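Down below is the structure, laid out as structure tokens.
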Protein chains: 2
Amino acid sequence: MGTQATDGRTSGSDQPCRPLRADAARNREKLLEAATEVFAEHGTEGSLEEIARRAGVGVGTLYRHFPTRACLVEQVYRHSVDEVCAAAPRLLEQLDPFDALATWVDGFVGYVSRKKGMTSALREAMGPDSDAIFADVHERLEGAASLLLGAAQQAGMARTDAEPLDILRSVSGMCMAAAASQDPERTKRVLALVLDGLRYGAPAAEASPRTENLASV
Amino acid sequence: MGTQATDGRTSGSDQPCRPLRADAARNREKLLEAATEVFAEHGTEGSLEEIARRAGVGVGTLYRHFPTRACLVEQVYRHSVDEVCAAAPRLLEQLDPFDALATWVDGFVGYVSRKKGMTSALREAMGPDSDAIFADVHERLEGAASLLLGAAQQAGMARTDAEPLDILRSVSGMCMAAAASQDPERTKRVLALVLDGLRYGAPAAEASPRTENLASV
DNA sequence: GGACTATACGGAGGGTTCCTCCGGTTGTGC
DNA sequence: GCACAACCGGAGGAACCCTCCGTATAGTCC
């Protein structure tokens, strides 16, 4: 559930201040989860009191951890990215390289749709400061994609002329378009298409499409 | 002040229902103006009560005319487009073709910066229905630009290989970038640059840049 | 194990905004 | 000039925002 890299303080500053007290850390985690839910349902404008309620915590606690709505949005966003990135090496241990890639991409779709209004909310609230966040996130996502694609390529299960950014771009682009047309079925179809395209022309090609067996969203 | 094409009912449906009563029409207009102001100042999330207050009208009246925030945003948006489009032929009567074009583009800058958060607010609130609005608006804007550019080209005052969409795209793109960098001076400079570029290579070229005398925003 | 303190918690409360509802007012057609 | 449909205003209940402070507890030192 929790990712190992998320027990930092509220802000991005990495000053070595004393770690959170146990109960505080617990509540922080619960708040983050509740906020993820609420933002997914109602967008970034969802009620903060609702979030506190779902986390089983008073509003005061919420405000102490995240003094600002933007601050909360940022942390939820980072948390979401953490999870996606952390999944990459884990999947690689459990599945064969191509399936790992396919499953990861499926998770990435979830990430993209969850982050829906977050980026614009962040950009609006933090101005130019947001650039640093996005740059960081971008880099980490590319790293994860690179890891998986590289493995699939080395195993001869993905064409060698594809690049990590190709995947990120095409998938996130697809999600935007699909979100606009409100059609989850289409998302699935196009996703399968991209993945098959990725495999097409790979050295070890017995390219019978079998991208159906994704864990569905 | 009012544009001739704006006395329609609240929604986009063009059913020929009886015209608004005189006082209602007045109030509608006042509300639209107030909303334009408030949205420009505080974005699409500006207070509705504040809008009613500025229009010198009760909230009830506001809600009767515009049952939904999205509805109000849409009308303000359309109203804004109406004004920009209606200005084109008028300018063409009053000024020489190139000055008309330059002045219009200057007004267009105002429009772009005013519409700041509106498009995303609309898209969010109305989903796929918003596409029709944007298509319509897009077409009308291109029509206006085409009228002015055509005239300038015929008069030999603008290069002939430019197209209306070039202007719309470059100017609105410029505005976004400029808005991000919070620098109105830069906007002016870049705008002058675009306009001079438009004139460069025109048949009747005594191309001494004189794009300074724009009515400033 | 017990006591002490920095840290964290909860929720009451004052202010703002949202939206609805209905009694009173006014424009319009006859 | 009259009657009525159309319109107006703003009170009021609900939801939300954010702050503040008395209370509870985790961590530490003896």
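Every value quoted in this text rests on a predicted model; they were computed, and no experiment measured them. Residue numbers begin at 1 in each chain, while the letters A, B, ... track the order of the sequences. What you see below is based on every heavy atom in this structure, not just the backbone, and it leaves out hydrogens, waters and symmetry mates.
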request  = In whole angstrom, give the distance that lies between atom OH of A:Tyr63 and atom C1' of D:dT19.
outcome  = 10 Å
message = Can you work out whether B:Arg26 or B:Arg53 has the more 5'-proximal nearest nucleotide on DNA chain C?
response = B:Arg53
query = Quick one: B:Leu20 CG to D:dC8 C1', roughly how many Å, whole number?
reply = 14 Å
ask   = Counting only side-chain N and O atoms of B:Asn27, is one of them less than 4.0 Å from OP1 or OP2 of D:dC7?
value = no
query = What about A:Glu45, does its side chain sit under 3.5 Å from the base of D:dC16 through a donor-acceptor pair?
reply = no
task = Look at the side chain of A:Thr61 and decide which nucleotide, out of C:dC18, D:dC16, C:dC9, has an atom nearest to it.
result = C:dC9
query = In whole Å, what is the span from the CG atom of A:Leu62 to the C1' atom of C:dG11?
reply = 13 Å
message = Starting the side chain at C-beta, find the nucleotide from C:dC9, D:dC8, D:dC16 nearest to B:Asp23.
response = D:dC8
ask   = A:Glu29 CD to C:dC9 P: how many Å, rounded?
value = 13 Å
inquiry  = Strictly below 4.0 Å: does B:Arg21 bring a side-chain N or O up to OP1 or OP2 of C:dT26?
reply    = no
ask   = For C:dT16, does OP1 or OP2 lie under 4.0 Å from any side-chain N or O of B:Ser47?
value = no
request  = For B:Val59, answer base if it contacts any base atom (sugar-phosphate contacts may also be present), sugar-phosphate if it contacts only those atoms, and nothing otherwise; contact means non-hydrogen atoms under 4.0 Å.
outcome  = base
message = Without decimals, in angstroms, what is the distance between A:Glu49 CD and D:dC18 P?
response = 10 Å
task = Using whole Å, report how far CG of A:Leu48 lies from P of D:dC18.
result = 6 Å
query = Side chain of B:Arg69, backbone of B:Thr44: donor and acceptor closer than 3.5 Å?
reply = yes
ask   = Considering only C:dC9, D:dC18, C:dC18, which nucleotide approaches the side chain of A:His65 most closely?
value = C:dC9
inquiry  = Please check this pair: side chain of B:Asp166 against backbone of B:Glu163, looking for a donor-acceptor N/O pair closer than 3.5 Å.
reply    = yes
request  = Decide side chain to side chain donor-acceptor pair (under 3.5 Å) for B:Glu37 and B:His42; before the verdict, give the C-alpha distance in whole Å, the side-chain angles of both, and the deciding distance to 0.1 Å.
outcome  = CA-CA 9 Å; B:Glu37 274 182 37; B:His42 303 100; over 6 Å; no
request  = Please report, rounded to the nearest Å, how far the P atom of C:dT16 is from the NE2 atom of B:His42.
outcome  = 14 Å
remark   = Considering only heavy side-chain atoms of B:Ala24, the closest of D:dC7, C:dC9, C:dG10 is D:dC7
ask   = Rounded to the Å, how far apart are A:Arg69 CZ and D:dC17 P?
value = 5 Å
key: Reported CD-to-SG distance for the pair A:Glu74 and A:Cys71, which is rounded to 0.5 angstrom   = 6.0 Å
ask   = Is a donor on one side and an acceptor on the other found under 3.5 Å between the side chain of A:Ser80 and the backbone of A:Val76?
value = no
query = With respect to the side chain of B:Arg64, which nucleotide from C:dC18, C:dA8, D:dC7 is positioned closest?
reply = D:dC7
